[in-house]
Amino acid sequence: MSEAGASSRPEDRPEKSHPEEGPEQLALIRAAVRERALPRARPRTWRNAPLAERLPVARVLVDKGLIHLDRCFDYAVPAALDADARPGVRVRVRFGAGQREGRREGGGLVNGYVVERRADSDFTGVLAPLAQVLSPEPVLTPELLALCRAVADRCAGALADVVRLAIPPRMARAERASTPEPAPPPELPEPGGWTRYPHGAAFLTALAEGRVPRAVWSALPGPGWPAELATALATTLASGRGALAVLPDGRAAARVDEALTALLGAGHHVLLTADSGPEARYRRWLTLHRGAVRCVVGTRAAMFAPVRSLGLVALWDDGDPAHRDVHAPQPHARDVLLLRAAQQDAGLLLGGHAHSAEAARLVRGGWARPLAPARETLRTAAPLLRTVAEEDEARDEGARFARLPTLAWRALRDGLASGPVLVQVPRRGYAPRLACARCREPARCAGCRGPLVSVGEGEELRCGWCGTARADWHCEECGGPRLRAVVIGARRTAEELGRAFPGVPVRTSGRDHVLATVPDEPALVVSTPGAEPVAEGPGYAAVLLLDGWALLGRPDLRAGEEALRRWLNAAALARGREAGGVAVALAEPTLRPVQSLVRWDPAGHALRELADREALGFPPVSRMAAVTGPPEAVAGLLSVAELPSTADVLGPVPLPVPPAGRPRRTGEPPAGEQWDRVLVRVPPDEGGALAAALKTARAHRLTHREGPPAWVRMDPDDIG
DNA sequence: AGCACGCCGACT
DNA sequence: GTCGGCGTGCTC
């Protein structure tokens, strides 16, 4: 323990234990405490203090996320800090211009991490001393540093930015709390639901024997996957190694947490999600770091969790956009876990009901093995899948009233006879609905009564349900020819459906009001994609997918993949077809994602997507970077960037202004400004060179203040 | 990004 | 001879 880490800090003193004393006296006591305690804890300049005899230089990663400072700085180690200033600890150092020998200490104090202790420095000037060791906990381990470095390089970002994502802020109280003794590895669990997969047992055996299998897992529909994921984690633990699972949201993480607790009891894993407060979060992080617990289940920040001797990393539903971190440099959990599996020699499990093109590429290239159920197993586990064709108009009275095609209405009505029914509707504002500009009557399809949508600018008018082009629309109420955009969200849909089925309870689940579960009894459950509650018992009697045209009409490279992903995740909550489960999609049946849904063939869909993208030279068969910013910034950056000779520059094109209301993400234009975007594409093995070139160019322009800055994003998700 | 240094003109 | 404008470059 150093002086700086001494435990008698002023904030620990029980000040309230002197109730009889007046305020002046309290102030005096406080001052006395401060005088005694603070100089010991306060950072010092260490003028004329002796330096450490052995390895008197500390290489420090300074936590200032300036891209052109993406390197370490050497500091002298005062003898008094010698013992504590070990590699990995948090330190405070003076950093910045103005700190000169013989002058006032002007440089500001910044946080950093000791990366390495050295005998000497290649810096020719006189080294400033470390000001303070904040904590003797060596949080930035060599393993974590290597991972962060690789992630920063891949994302064209700064190391300090990635370390900030990887290590939670220090909470002194959490650090002081004692850590439990490491539990011995658990018993090898039974394979459970994995027997439903032809290669499931072999996958578990490989984990149990300490090998590093890599698999893309097509999970069977139904409620079994959290237990299966938990079994894979527990099997890895039984082999004496650690395991990590990243899930797209807190609800999914809670389900796996619950399954793991059911399997192993408490004490073998921790749950790491955003809603557990900074102190609890750091405490759990520390139990992993200190080796007391070897398994973590969590949302994307858990991808960096310091699990010891990692044997397996698992990622659920890798196509979910939540797996992309919103903070610079916006790494994707899939990329981080792939890097981590390679660096730390761990197995990999990419699971989900859907299949991303990236996952398909791993399988096609032989790097991962498919872990899929037999066709017959799938047939019984999945609901009966139907689509509503264009000519299926609402003929009977009830269907007209519900403004639904007959087939969809019957599925709802029949489903409600035996259990809950799920209706998936587009997110509010996702697909603006249209109404008469004069009388505000919603614009309806003359055939099936579905809402009209106009997808993209200048796109033709279509029915949002049956897809029929309705360019000749006139308002049925007042005859008006002009339209205006309105928003019909889950609540409005719920109201309309509720009127069509009087007496049936209606529950909604959406962005600000997400239900975890619904009971196994008749109810209409209206939900936006990703917020679908899990139905207790055997699952939903019927699932109705209403957002087909809105999803598929988006001018986005991933529109098809994303639509199928949302449908499969919702349809997976339905009962199997032998238990009467039905899922109905209102979408054009000839479209590829719709056909893949009906056949429940996510792997086939992803392979065909992959082939298409390969033909077009799109990710993941190439690596891409998006450069955005004011036109002169984008042009300026590209003019100084020494791109690989194979680079293919697409654009610039004006960037669409992000919808109002949604918080602006980095790299998006502020309101009222017109930004450009350029896409740069290279072959897969030159992605590193592309990232490095753009990072160098950005640093160059920042240091030389050559105009406004441009944003660089590697592997952008939202390319048209 | 800050922040100091430096080289220039206007002032006591 | 000194003060302070902001353009340039560095930060261990």
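Reminder, nothing fancy here: chain letters follow the sequence lines and each chain counts from 1.
Nucleic acid contact for A:Arg71: base, since at least one base atom lies under 4.0 Å from a heavy atom of the residue.
Partners of A:Asp676 by salt bridge (Lys or Arg N to Asp or Glu O under 4.0 Å), not counting sequence neighbours: none found. A:Arg701 is linked by a salt bridge (Lys or Arg N to Asp or Glu O under 4.0 Å) to nothing, counting only residues two or more places apart in sequence or in another chain.
Electrostatic pairing of A:Arg170 and A:Glu137 does not count as a salt bridge here, judged by no charged N lying under 4.0 Å from a carboxylate O.
Computed from coordinates, the A:Phe95 CZ to B:dA4 P distance equals 14 Å when rounded to whole Å. Following rounding to the nearest Å, A:Arg92 (CZ) and C:dC12 (P) show an atom-to-atom distance of 15 Å. Computed from coordinates, the A:His700 NE2 to C:dT8 P distance equals 14 Å when rounded to whole Å. Spacing between atom CG of A:Asp63 and atom C1' of B:dA1 amounts to 14 Å, rounded to whole angstrom units. Rounded to an integer number of Å, the gap from OH of A:Tyr75 to P of C:dC12 is 5 Å. Here C:dC10 presents its C1' atom at 12 Å from NZ of A:Lys64, a figure rounded to the nearest Å. In this structure, A:Phe123 atom CZ and C:dC12 atom C1' are separated by 5 Å, rounded to whole Å. Counting to the nearest Å, the P atom of C:dC12 and the CG atom of A:Asp70 are 17 Å from each other.
Checking side-chain atoms of A:Arg340 against main-chain N and O of A:Met303 turns up a donor-acceptor pair under 3.5 Å.
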